[in-house]
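Structure, as structure tokens:
Start at 1 with the first residue, then count along the sequence. When a ligand or atom number is given, it counts from 1 through the structure's own listing order. Here the structure is a predicted model, which is why all the values come from computation and not from measurement.
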Amino acid sequence: TGAGPEGPGDVLEPEDRARRGTPLLTVRGLHKTFGDNHVLRGIDLEVRRGSVTALIGPSGSGKTTVLRSLNGLAMPDAGTITAAPSRRQVRRGVPDAESPAGEPLTLDFSRKITKQQRFALRDRSAMVFQQHNLFPHRTVLQNVIEGPVQVQRVPRAEATWRATELLERVGLAEKRDAYPHELSGGQQQRVGIVRALALRPELLLFDEPTSALDPELVGEVLAVMKELADEGWTMVVVTHELQFARAVADEVLFLDGGVVVERGNPERMFREPRRERTRQFLHRLL
Ligand code: ADP
């Protein structure tokens, strides 16, 4: 061990590391309506490999809907999401079924989206939810290897080895055979993160991962997220933890009423917001 792809300082897959800084997802003009509630009104967003994007804004502003659109859980009504060729495509070096000519995957939501396109988009990312959603009657290890073994057809021994390494990295190796109810909320959420990492996604999506936790447990989860950011993972985070966004994000998007009111470097935005609405929001919470 030690020299493997999961060794310290070398956690990223080579195909991802080599493309650091290039766009992974490009989102243009996203619109979404639920009934007569027009919740996304033209969202543009670029997610670059190795960057952390934080989505902040009042409740109901559309943050979660944007996040869910990035992995096909929400289906916008208009706009496009373009995804760079996947790691798998690059590794094979040949065009494959998801993109027959080897060009980037483009979902144009004003047209019909095929199941294949939707799965191809989803395949690139893994989501960490507000509630960890662990299976209560399965051990930590069983929860973590479920996706790799059942969905990705990774051999059980390999999945177990990888899961154990990931659990070690978040300080939970000794909880491998425990059941979720035997863990604290913070430990459960760290397992939720490991479960996402075990899928070896190109993009990690976090939907308010600490908002269901008791205040004293928030720090340990944010610490793991900061480590992942430092390791170079590509992350999009919906969060109310403004200090975290300020310290860790490369770009912050402030959403209100389904539009990006302001975006940019968090230091600049938090110090001198350009929009009155941003200023009011930050003042209320900081
Ligand atoms: P945020 O994450 O900023 O709190 P959301 O994206 O969760 O905002 O929600 C934006 C708006 O869309 C809210 O008014 C919410 O009630 C509505 N909404 C979200 N999901 C659904 C859904 N599945 N069905 C109907 N309305 C929804």
*asked:* Restricting to non-hydrogen atoms, name the atom on Glu220 and the atom on Gln187 that form the minimum distance, rounded to 0.1 Å.
replied: OE2-N, 3.4 Å
*Compare every heavy atom of Asp44 with every heavy atom of Arg28, then report the nearest pair and how far apart it is.*
CA-OD1, 3.3 Å
When you measure from [atom] to every protein heavy atom, which one gives the shortest distance, and what is it?
| atom | value |
| --- | --- |
| atom 6 (O) of ligand 1 | Thr65 OG1, 2.6 Å |
| atom 8 (O) of ligand 1 | Gly62 N, 3.1 Å |
| atom 3 (O) of ligand 1 | Lys63 NZ, 2.8 Å |
| atom 19 (C) of ligand 1 | Phe34 CE1, 3.4 Å |
| atom 16 (O) of ligand 1 | Asn37 ND2, 4.5 Å |
| atom 12 (O) of ligand 1 | Val39 CG1, 3.0 Å |

*Judged by atom type as modelled, is there a donor-acceptor pair below 3.5 Å linking the side chain of Lys63 to the main-chain atoms of Gly57?*
yes
*For the pair Arg87 (side chain) and Pro201 (backbone), establish whether a donor and an acceptor sit closer than 3.5 Å, ignoring hydrogens and angles.*
yes
_With a heavy-atom distance limit of 4.0 Å, tell me whether Thr64 approaches ligand 1 through its side chain, its backbone, both, or neither._
both
*Please work out whether any backbone atom (N, CA, C, O) or any side-chain heavy atom from C-beta onward of Leu255 is under 4.0 Å from ligand 1, and answer side chain, backbone, both or neither.*
neither
_side-chain contact (heavy atoms from CB on, under 4.5 Å) partner of Asp77, the single match among Thr33, Leu30, Leu40_ = Thr33
_Nearest-option assignment for atom 1 (P) of ligand 1, heavy atoms, candidates Gly60, Gly35, Ser69, Gly57_ = Gly60
*asked:* Under a 4.0 angstrom heavy-atom cut-off, which atoms of ligand 1 come close to Pro58?
replied: 3 (O)
*Give the numbers and elements of all ligand 1 atoms closer than 4.0 Å to a heavy atom of Ser61.*
1 (P), 3 (O), 8 (O)
*Would Glu15 and Arg91 pass as an ion pair if we require N to O under 4.0 Å?*
yes
*Between atom CG of Asp108 and atom CD1 of Ile81, what is the distance when rounded to the nearest 0.5 Å?*
11.0 Å
*asked:* Quick one, Gln280 with Glu276, criterion side-chain hydrogen bond (donor to acceptor under 3.5 Å, both in side chains). Give me CA distance, side-chain angles, the key distance, then yes/no.
replied: CA-CA 6 Å; Gln280 283 171 359; Glu276 180 58 20; 3.3 Å; yes
